[in-house]
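Heads up, the thing below is written out as structure tokens.
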Number of protein chains: 2
Amino acid sequence: MDAGRNPHHPDVRAIDLQRVLEALVDPVRRSILAQLSDAPADIACGGFDLPVSKSTATHHFRVLREAGLIRQYYAGTSRMNALRRDEFEAVFPGLFDAVVIAGRVPQG
Amino acid sequence: MDAGRNPHHPDVRAIDLQRVLEALVDPVRRSILAQLSDAPADIACGGFDLPVSKSTATHHFRVLREAGLIRQYYAGTSRMNALRRDEFEAVFPGLFDAVVIAGRVPQG
DNA sequence: ACGAAAGTACGACGACGGTCAAACTTTGAT
DNA sequence: ATCAAAGTTTGACCGTCGTCGTACTTTCGT
């Protein structure tokens, strides 16, 4: 099974809050979401500004995907990342903004 | 230092999102917040329905207090717990409802 | 004064999660 | 065909966190 090339994306309605919060609690993952939220288009894994190694970044992308927060698809050798913002908003209203937007620049 | 009897309550404006999310990610702590949110009055530590020992519960109350989510004060030998809802809402708008209210009964 | 009730403090323990390096796979370009 | 680029997978390491039991402190009632 080409699991790596065709990653599983859960139905957002089937996701529990626990998993979402576990995804949101990591600052690297929130940074990924913030960068996606700010960008005008989807971003490849290598296009993020992250303070971790590639293998660690892969781990974070998987957590976000399995929490229903992002969608991943291939474009050539690059794996693109997109926010599932509307779907997520429908199931957890206000949560994304309250966490990611409010958390931009911890500088008061 | 009567630290036990006069616990420290941080200024909510000085609290960073990271600490808040670390507090909210634990289901026992969210249960505490939900029970407080449902109750018409403050609740003593022993008045909660929690699946953990007393010493563990003490730990969870401290985490919630240091994250600015609850206020604790003594009434005799009982330690009462109150939500700091308005203060918290002013600093992290929408976050409490998005997490605690939305998380009530994962049963669809 | 004594004892019970309500929490807290202190270690200790176990599990889980973030981290990395190294080896591997797949795709695109030369 | 070959090689480089982009990610993934695997395995290991380590710190942190939730958990508990025990001992301790404080207060209230008798």
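So you know, we letter chains A, B, ... as the sequences are listed, proteins then strands, and number each from 1. What you see below is based on every heavy atom in this structure, not just the backbone, and it leaves out hydrogens, waters and symmetry mates.
When the C1' atom of D:dC17 is taken as reference, atom CD of B:Gln18 falls 14 Å away, rounded to whole Å. Whole-Å rounding puts the B:Arg79 CZ to D:dC28 P distance at 15 Å. One interatomic measurement links the two molecules: OH of B:Tyr73 to P of C:dG7, which rounds to 12 Å at whole-angstrom precision. Between the CD atom of B:Glu22 and the C1' atom of D:dT16 there is a distance of 10 Å, rounded to whole Å. Rounded to an integer number of Å, the gap from CZ of B:Arg5 to P of D:dT25 is 13 Å. Distance B:His59 NE2 to C:dA9 C1': 13 Å, rounded to the nearest Å. Computed from coordinates, the A:Tyr74 OH to D:dA5 P distance equals 17 Å when rounded to whole Å. Look at CG on B:Leu21: it is 13 Å from P on C:dG18, rounded to the nearest Å.
Cluster membership for B:Met80 and B:Phe61, using ILVMFWY side-chain heavy atoms within less than 4.5 angstrom, is not shared. One hydrophobic cluster, built from ILVMFWY side chains closer than 4.5 Å, holds both A:Val91 and B:Leu95. A:Leu64 is connected to A:Val28 through a chain of hydrophobic side-chain contacts under 4.5 Å among Ile, Leu, Val, Met, Phe, Trp and Tyr, so both are in one cluster. Both B:Val99 and A:Ile15 are assigned to one and the same hydrophobic cluster, defined by single-linkage of ILVMFWY side chains at heavy-atom distances under 4.5 Å. B:Leu21 and B:Val100 fall within the same hydrophobic cluster, defined by Ile, Leu, Val, Met, Phe, Trp and Tyr side-chain heavy atoms under 4.5 Å apart, directly or through other members.
The two residues A:Gly94 and B:Ala98 come nearest to each other via the heavy atoms C-CB, 4.1 Å. Minimum interatomic distance between A:Leu33 and A:Leu24 (heavy atoms only, all atoms of both residues): CD1-CD2, 3.6 Å.
Within a heavy-atom distance below 4.0 Å of DNA chain D, the residues of residues 60-72 of chain B found are B:His60. Taking every heavy atom of residues 23-57 of chain B and every atom of DNA chain C, pairs under 4.0 Å involve B:Ala44, B:Cys45, B:Gly46, B:Lys54, B:Ser55, by number.
Note: B:Phe92 and B:Phe96 fail the aromatic proximity criterion, with ring centroids not under 6.0 Å apart.
Here the CD atom belonging to A:Gln35 is positioned 9.0 Å from the CZ atom belonging to A:Arg104, to the nearest 0.5 angstrom.
With no hydrogens or angles considered, a side-chain donor-acceptor pair links B:Arg85 and B:Ser37 at under 3.5 Å.
Here the rule is side chain to side chain contact (heavy atoms under 4.5 Å, CB included) with B:Val63, and of B:Arg19, B:Glu22, B:Arg29 only B:Arg29 fits it.
Within the nucleic acid shown, B:Ser78 comes within 4.0 Å of sugar-phosphate atoms alone, with no base atom in reach, counting heavy atoms only.
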Using a cutoff of under 3.5 Å, can you pull out all pairs of nitrogen or oxygen atoms linking the protein to nucleotides 28-30 of chain C, with atom names and distances?
none

